[in-house]
Amino acid sequence: MIRAAIAECVRALAQSVYAQNQDLPADSRPDDWEDIERTRGGDPEAYRRLIERHQDYVARLLWRFSRDRRVHEELVQDVFVEAYLSLRGYNGRAPLAHWLARIATRVGYRYWKEKARRREVEPFDVEKWDAAVSDGHAAAALEPDDAGALLHQILAQMSPRDRLVLTLRYLEQCDVIETARRTGWTKTMVKVQTMRARNRLRKLIEQGGTELVL
Amino acid sequence: MNWEEKVERLAARAQAEQTPHVDVTQSVLHLLTAGPAQPLTVAERFWMWLAAAASAVAVPAGTVALILYTRSAGPLNEIVEAISWAVQ
């Protein structure tokens, strides 16, 4: 009884310290833990609340992995199914949103690897890319959706591993530690992989004749 | 401005992108309730542990029984052979 109370206090303290030190998504909520416990006890309503609370955040993360709405929705669904099945492994030391981000990254990366195995290549029109970013009004007029789509298209030309590290680096603006946390790689591996992927992206842009004018 | 700064600017602009709204609540709950992979109930967990404990006891017990049988098979055969005339 006393041990459980102490564990609860430590968990709450760890979460508050963690929340102060990290740029937490708005979806991280202190009442998650109660719903997690209820879900573990077999209460589906508690899991419904968890999904409702976090699905927008997970959807935002997975939009970087697929811009096909049907696939995107399936990936979000997969994340919550996977999270439910491994919920017993969640120890509460980090906010639930961060744990879900790791699962989302894993699910998205797996999707890319499956696509690469099937040799599905997303179309990338270099001329369209050049036209979109090279003309005069590009800097001011490019809509966020178009900017996201353009980056998605060019990163889709890379291997899943390169694409993952660059997506986290550029689009999710993750630092080395956060990238390591999400991918499960070591920090050294993240640094090496980032350097290699950046070199390959530079070559891709330069060889593709892409002149970004922003 | 080099290529990476341009890509970073593009990425910064993409930060303001609106993600399509999804609602997977029903589909996830449906999958979890319809699918086989649900958390075990207390009764199921009890039977699972009971089965595991029974297996844990049965395997060494079977091994011991096999060893004892092998050891005793020799003398037993001698006794059987000694009284085999009575059977005939």
Trace of the side chain to side chain contact (heavy atoms under 4.5 Å, CB included) decision for A/Arg53 with A/Asp35: CA-CA 11 Å; A/Arg53 211 174 289 147; A/Asp35 283 333; 2.6 Å; yes
Other residues, nucleotides, ligands: >12 heavy atoms within 6.0 Å of A/Arg38 CZ: no
Polar side chain donor-acceptor pair, B/Glu17 to A/Trp63, under 3.5 angstrom: yes
Show every donor-acceptor pair shorter than 3.5 Å between a side-chain atom in residues 168-177 of chain A and any protein atom, with sequence neighbours excluded, or say none if there are none.
unit_1, atom_1, unit_2, atom_2, d
A/Arg169, NH2, B/Glu8, OE2, 2.9
A/Tyr170, OH, B/Glu4, OE2, 2.5
A/Glu172, OE2, A/Arg64, NE, 3.3
A/Asp175, OD1, A/Ile177, N, 3.4
A/Asp175, OD1, A/Glu178, N, 2.8

Contact list for residues 75-87 of chain A, test salt bridge (charged side-chain N to carboxylate O under 4.0 Å, His left out), sequence neighbours left out: A/Glu82-A/Arg106, A/Glu82-A/Arg110
Close contacts, residues 18-28 of chain B versus chain A, judged by heavy atoms under 4.5 Å: B/Gln18, B/Thr19, B/Pro20, B/His21, B/Val22, B/Asp23, B/Val24, B/Thr25, B/Gln26, B/Ser27, B/Val28
A/Arg202, CZ: over 12 other non-hydrogen atoms inside 6.0 angstrom: yes
Per-residue contacts, residues 54-61 of chain B versus chain A, heavy atoms under 4.5 Å: none
Region of A/His152 that comes under 4.5 Å of a non-hydrogen atom in chain B: neither
Parallel, tilted or perpendicular: rings of A/Trp33 and A/Tyr90 (30°, 60°): tilted
A/Arg181-A/His98 side chain donor-acceptor pair, cut-off 3.5 Å: yes
Contacting region of A/Arg69 [heavy-atom separation from chain B under 4.5 Å]: side chain
Sidechain-backbone polar pair: A/Trp112 side chain, A/Leu164 backbone, donor-acceptor under 3.5 Å: no
salt_bridge(A/Glu52, A/Arg49) N-O dist < 4.0 Å: no
